[in-house]
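The structure appears below as structure tokens.
Quick caveat: nothing in here was measured; it's all calculated off a predicted structure.
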Amino acid sequence: MFSVFVPAEFSLKKAVAVDLAALPENAVWIDLVKPTAEEDKAVERLAGIVVPTREDMQEIEISSRLYIENGARYMTAMLMCHSDTDMPRTTAVTFILAGHRLVTVRYDTPKPFPLVENKLARSCSPSISGEMVLMELLDAVIDRCADILERCGADVDQVSHDIFEPVSQRHGHAKLYSQILIEIGRKGDLVSKIRESLVSIGRVVTFMSAVMEGVKWSKDMREQLKTMQRDVGSLTDHASYLSSKITFTLDAMLGVVNLEQNNIIKLFSVMAVVLMPPTLIASIYGMNFRKMPELEWAHGYPMALIMMLAAAILPYLLFRWKKWL
């Protein structure tokens with residue numbers, strides 16, 4: 001499946017499932033989505049490039065992700081997908097600039113792609129080129145990463161509030177620590193994926209800055225590229241800050257859980273100490289020896305109860321006086 005975008009008078013017209021033998025020569029953006037072998041060959045004939053396979057796109061070496069071949073510039077970046085769900089993931093997307101035509105190869109649907117498609121379909125310059133489409137895509141990807149980081153930061157702040165809420169507000173309801181730990185883990189995983197995406201995008205932008213020296217790009221595009229570099233750098237720093245904050249939040253959550261567990265163990269220990277003297281008294285008078293002085297005493301039973309009650313109250317009062325409770 002692929003989409004071909006051809007510049008019209010003031011907009012881009014989208015043609016889906018175009019006849020492979022009739023690809024328009026003036027196409028500025030060919031978007032390959034899970035392409036078949038026939039679609040790969042048709043695009044290769046039109047653009048004069050070699051479309052990388054999915055295995056090639058998964059390579060992690062810089063030389064396999066950013067390179068120039070037969071005049072075409074190949075750039076592969078990891079973009080976020082399904083970030084609004086509980087299972088976010090990254091997907092490899094390859095951008096190929098051949099002449100003034102852009103070819104994108106992907107096996108998923110990152111949100112910036114439909115956003116840019118709709119934007120260009122509504123309004124675009126008749127002189128649009130593949131480089132301009134690529135800049136729009138990268139700008140949308142960076143904006144999307146910024147939005148995800150903002151939302152993730154707000155969620156982490158809410159989790160921190162739930163952890164460090166006043167002690168007076170904790171009484172009367174059970175804190176679901178397991179859910180908080182799961183939420184912290186999800187946010188940590190999301191931030192790590194965003195940071196991975198930002199690093200790959202930063203490499204693409206740096207690569208474009210290096211290879212554009214021999215390309216006649218407009219001053220506005222050069223300034224936009226510099227702005228992208230600054231934005232990617234600041235967002236990467238913010239992602240690192242969020243990662244550190246999530247680590248601190250996780251440590252704090254584990255500390256709170258340990259404190260709660262220690263309080264429970266302390267309560268059981270106090271109960272054991274309080275009940276130990278009465279148990280000792282009851283054990284003494286529960287022995288079945290023939291001669292025990294108090295066995296024949298009329299007030300022996302109430303006296304034993306009073307002694308057991310006093311033996312339980314005295315340790316409790318001592319603990320309260322020592323402020324151990």
Side-chain angles (χ1 to χ4, degrees), residues 83-88 149-195 239-325:
S83 59
D84 298 328
T85 66
D86 293 335
M87 296 296 292
L149 284 177
E150 290 175 2
R151 188 183 74 241
C152 188
D155 293 341
V156 173
D157 288 339
Q158 182 60 44
V159 171
S160 299
H161 174 74
D162 293 338
I163 295 174
F164 300 110
E165 66 181 0
V167 178
S168 59
Q169 298 181 10
R170 298 184 185 181
H171 299 303
H173 70 279
K175 292 183 64 66
L176 302 179
Y177 292 127
S178 60
Q179 293 185 2
I180 294 179
L181 287 172
I182 292 173
E183 186 69 15
I184 293 174
R186 287 175 177 171
K187 296 309 172 185
D189 179 63
L190 180 59
V191 169
S192 66
K193 286 180 169 58
I194 297 174
R195 194 174 187 281
S240 300
Y241 158 74
L242 276 182
S243 180
S244 301
K245 187 174 182 179
I246 290 173
T247 301
F248 166 75
T249 305
L250 177 61
D251 293 339
M253 183 69 249
L254 295 177
V256 170
V257 171
N258 289 332
L259 286 176
E260 292 291 336
Q261 291 178 344
N262 291 338
N263 289 334
I264 294 174
I265 297 300
K266 182 173 68 175
L267 178 61
F268 280 108
S269 301
V270 170
M271 291 178 61
V273 172
V274 168
L275 295 177
M276 188 180 300
T279 304
L280 177 61
I281 296 174
S283 300
I284 292 174
Y285 287 102
M287 293 185 294
N288 295 322
F289 291 113
R290 184 179 298 274
K291 294 182 179 181
M292 293 184 68
E294 292 84 1
L295 290 180
E296 302 297 333
W297 187 25
H299 302 290
Y301 176 69
M303 182 59 66
L305 292 180
I306 293 174
M307 292 175 58
M308 286 189 285
L309 183 62
I313 293 176
L314 288 176
Y316 175 77
L317 295 177
L318 176 63
F319 291 156
R320 291 297 299 269
W321 178 63
K322 292 287 188 178
K323 296 182 180 181
W324 292 347
L325 294 178

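Closest of all the heavy-atom pairs between S160 and T249 is OG-OG1, 3.6 Å. The minimum heavy-atom distance between P277 and A311, with the atom names listed, is CB-CB, 3.3 Å.
Separating the CG atom in L242 from the CG atom in L149 is a distance of 6.0 Å, to the nearest 0.5 Å. Atoms CE and CG, on M307 and L305 in that order, are 10.5 Å from each other to the nearest 0.5 Å. One distance of note links CD of Q179 with CD1 of I184; it measures 12.0 Å at 0.5 Å rounding. Rounded to the nearest 0.5 angstrom, I246 CD1 and D155 CG are separated by 9.5 Å. I281 CD1 to L309 CG: the interatomic distance, rounded to the nearest 0.5 Å, is 10.0 Å.
For S243 (side chain) and A239 (main-chain N/O), no donor-acceptor pair under 3.5 Å exists by modelled atom type.
The side chain to side chain contact (heavy atoms under 4.5 Å, CB included) check on I182 picks up R186, with sequence neighbours excluded. For D84, the side chain to side chain contact (heavy atoms under 4.5 Å, CB included) partners at least two apart in sequence or on another chain are K111, R144, R151. Applying the side chain to side chain contact (heavy atoms under 4.5 Å, CB included) test to A312 and every residue at least two apart in sequence or in another chain returns V274, P278. Legend: residues meeting ring pair (Phe, Tyr, Trp, His ring centres under 6.0 Å) with Y241, ordered by chain and number and at least two apart, are H238. Judged as a side-chain hydrogen bond (donor to acceptor under 3.5 Å, both in side chains), and not counting sequence neighbours, the contacts of Q158 are D162. In this structure S240 satisfies the side-chain hydrogen bond (donor to acceptor under 3.5 Å, both in side chains) test together with R195, sequence neighbours excluded. Listed by chain and residue number, L181, L250 satisfy the side chain to side chain contact (heavy atoms under 4.5 Å, CB included) test with L254 (two or more places apart in sequence, or in another chain). Listed by chain and number, the residues in a salt bridge (charged side-chain N to carboxylate O under 4.0 Å, His left out) with K193 are D189 (sequence neighbours excluded).
For residues 243-262, there are no ring-ring contact (aromatic ring centres under 6.0 Å, His included) pairs, not counting sequence neighbours. Every pair passing salt bridge (charged side-chain N to carboxylate O under 4.0 Å, His left out) that includes a residue from residues 244-255 is listed here, sequence neighbours excluded: D157-K245.
Looking only at side-chain heavy atoms (C-beta outward), V159 and I163 come within less than 4.5 Å of each other. At a threshold of 4.5 Å between non-hydrogen side-chain atoms, the residues L318 and L314 do not count as touching.
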